[in-house]
Novice: 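Attaching a single structure in structure tokens format; questions to follow.
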Amino acid sequence: ISQLRFVPASGFTGSVEIPYVACNSSGDPIASGKLCLGIVSAMEDFSDITSSTWCYKYVLELSDADVIDGYSDGTFKPDNQVTYGAALKKLIMLAAGYDEQKPVNSNVFSGYLARAQADGLVSGSVNLNAPITRLAVSQIAAKAMGLSISNLSSVRPFTDTTDPYVQALNAAGIVEGYFSNGTSTFKPYNTLTRGQISAIVWRMEQAQ
């Protein structure tokens, strides 16, 4: 491709996928794929994120849509851990279509927890100020999106978890695992960073 020009409709922001087919000199197709573009109204200038940062696309698009924001010093801090409360708010209210939830006690995220518990997305005691795990995020996200855990493939995608919500979310292309030495793991009890949550929320919104 020597030149590609894409002009979005006036006022459009979001993601665009342009399918392509590559041909050899004889005109025979040899490869195909998609060009993925993110259209934003303004480029947010986070001092600690560049175009080479792995979560750059997710952060910029979600920031432009006012889904996430940075810190007052102009940073985003993509490697900072995410608390249960912050993840719950982003996953439920913004990514899964829930309305704003007012606090029911002194914790700013308490209203989201109350709604999540009422809707069966979360059970048991929860520390909203503690880091959230990959397993908890997957369970909340899959339930909030209404993903079915019936008729899942008998082939498990990960060797370290059989959780059906993780499998359903993986099948939907929203979470990925770690591949090393021929083994694919999910690391369900690892905590999540702001960059990782941005990727999950972005994929959820694309799937809605």
Side-chain angles (χ1 to χ4, degrees), residues 1-46 48-65 67-68 76 78-79 91 94-96 134 137-138 141-142 145-188 190 192-208:
I1 298 176
S2 60
Q3 185 181 56
L4 175 66
R5 176 177 295 178
F6 173 78
V7 180
S10 178
F12 173 81
T13 59
S15 295
V16 174
E17 292 185 344
I18 303 175
Y20 69 86
V21 175
C23 301
N24 59 21
S25 57
S26 301
D28 299 320
I30 57 174
S32 63
K34 294 179 180 179
L35 295 174
C36 299
L37 306 176
I39 313 301
V40 297
S41 58
M43 293 290 288
E44 186 71 44
D45 186 22
F46 294 116
D48 56 347
I49 289 183
T50 68
S51 58
S52 62
T53 305
W54 76 270
C55 58
Y56 179 78
K57 170 183 172 65
Y58 310 123
V59 171
L60 258 65
E61 288 190 34
L62 292 177
S63 175
D64 187 64
V67 175
I68 59 174
F76 182 75
D79 295 326
L91 286 169
L94 295 174
R134 288 168 57 81
V137 162
S138 298
M145 294 178 68
L147 297 183
S148 173
I149 58 173
S150 301
N151 302 316
L152 293 172
S153 171
S154 59
V155 179
R156 304 294 184 182
F158 308 113
T159 59
D160 57 348
T161 180
T162 59
D163 187 89
Y165 296 106
V166 171
Q167 186 173 353
L169 212 60
N170 174 254
I174 294 170
V175 294
E176 301 170 342
Y178 302 86
F179 189 77
S180 178
N181 298 322
T183 300
S184 182
T185 58
F186 186 69
K187 301 182 180 179
N190 277 18
L192 280 164
T193 65
R194 284 168 55 82
Q196 291 169 333
I197 279 288
S198 297
I200 292 173
V201 171
W202 185 91
R203 292 169 188 155
M204 287 178 68
E205 293 201 332
Q206 302 309 303
Q208 294 287 57

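Atoms considered below: every heavy atom in the structure, side chains included; atoms not considered: hydrogens, waters and symmetry mates. In this chain, residues are counted from 1 in sequence order.
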Novice: What's the separation between atom CH2 in W54 and atom CD in Q196, rounded to the nearest 0.5 Å?
Specialist: 5.5 Å

Novice: Which atoms form the tightest heavy-atom contact between P188 and T161, and what is the distance?
Specialist: CG-CB, 4.3 Å

Novice: Could you check D48 against D79 for side-chain contact (heavy atoms from CB on, under 4.5 Å), going step by step and ending with a plain yes or no?
Specialist: CA-CA 10 Å; D48 56 347; D79 295 326; over 6 Å; no

Novice: Could you go step by step and tell me if E176 and R203 meet the side-chain contact (heavy atoms from CB on, under 4.5 Å) rule?
Specialist: CA-CA 11 Å; E176 301 170 342; R203 292 169 188 155; 3.8 Å; yes

Novice: Could you walk me through whether F76 and S63 pass the side-chain contact (heavy atoms from CB on, under 4.5 Å) check?
Specialist: CA-CA 10 Å; F76 182 75; S63 175; over 6 Å; no

Novice: Please enumerate all residues that pass side chain to side chain donor-acceptor pair (under 3.5 Å) together with S51, with sequence neighbours excluded.
Specialist: none

Novice: What are the two closest heavy atoms between A95 and M204, and how far apart are they?
Specialist: CB-CE, 3.8 Å

Novice: With heavy-atom distances below 4.5 Å as the criterion, would you say the side chains of F186 and P157 are in contact?
Specialist: no

Novice: Looking only at heavy atoms, what is the nearest atom pair of I68 and S198, with distance?
Specialist: CD1-OG, 3.7 Å

Novice: Starting at OH of Y58, measure out to CD1 of I197 and round the result to the nearest 0.5 Å.
Specialist: 13.5 Å

Novice: Test side-chain contact (heavy atoms from CB on, under 4.5 Å) on D163 and S138; report intermediate values, then the result.
Specialist: CA-CA 9 Å; D163 187 89; S138 298; 5.7 Å; no

Novice: Would you find a donor on one side and an acceptor on the other, under 3.5 Å apart, between the side chain of D160 and the backbone of T185?
Specialist: no

Novice: Partners of R134 by salt bridge (Lys or Arg N to Asp or Glu O under 4.0 Å), sequence neighbours excluded?
Specialist: none

Novice: So, the side chain of T193 versus the backbone of P78: is there a donor-acceptor pair under 3.5 Å, distance only?
Specialist: yes

Novice: Could you grab the distance from atom OH of Y165 to atom CG of L152, nearest 0.5 Å is fine?
Specialist: 10.0 Å

Novice: Kindly compute the distance separating CZ (F158) from CZ (F179), expressed to the nearest 0.5 Å.
Specialist: 11.5 Å

Novice: Working to the nearest 0.5 angstrom, can you tell me the gap between L62 CG and W202 CH2?
Specialist: 9.0 Å

Novice: Can a donor-acceptor pair be found, under 3.5 Å and without considering hydrogens, that links the side chain of S26 to the backbone of D28?
Specialist: no

Novice: Quick one: are V137 and I200 in side-chain contact, heavy atoms under 4.5 Å?
Specialist: yes

Novice: Pairs of donor and acceptor atoms involving the side chains of residues 167-174, under 3.5 Å and at least two apart or interchain, shall be tabulated with distances.
Specialist:
from : atom 1 : to   : atom 2 : distance (Å)
Q167 : OE1    : R156 : NH1    : 2.7
Q167 : NE2    : S153 : O      : 2.8
N170 : ND2    : V175 : O      : 3.1

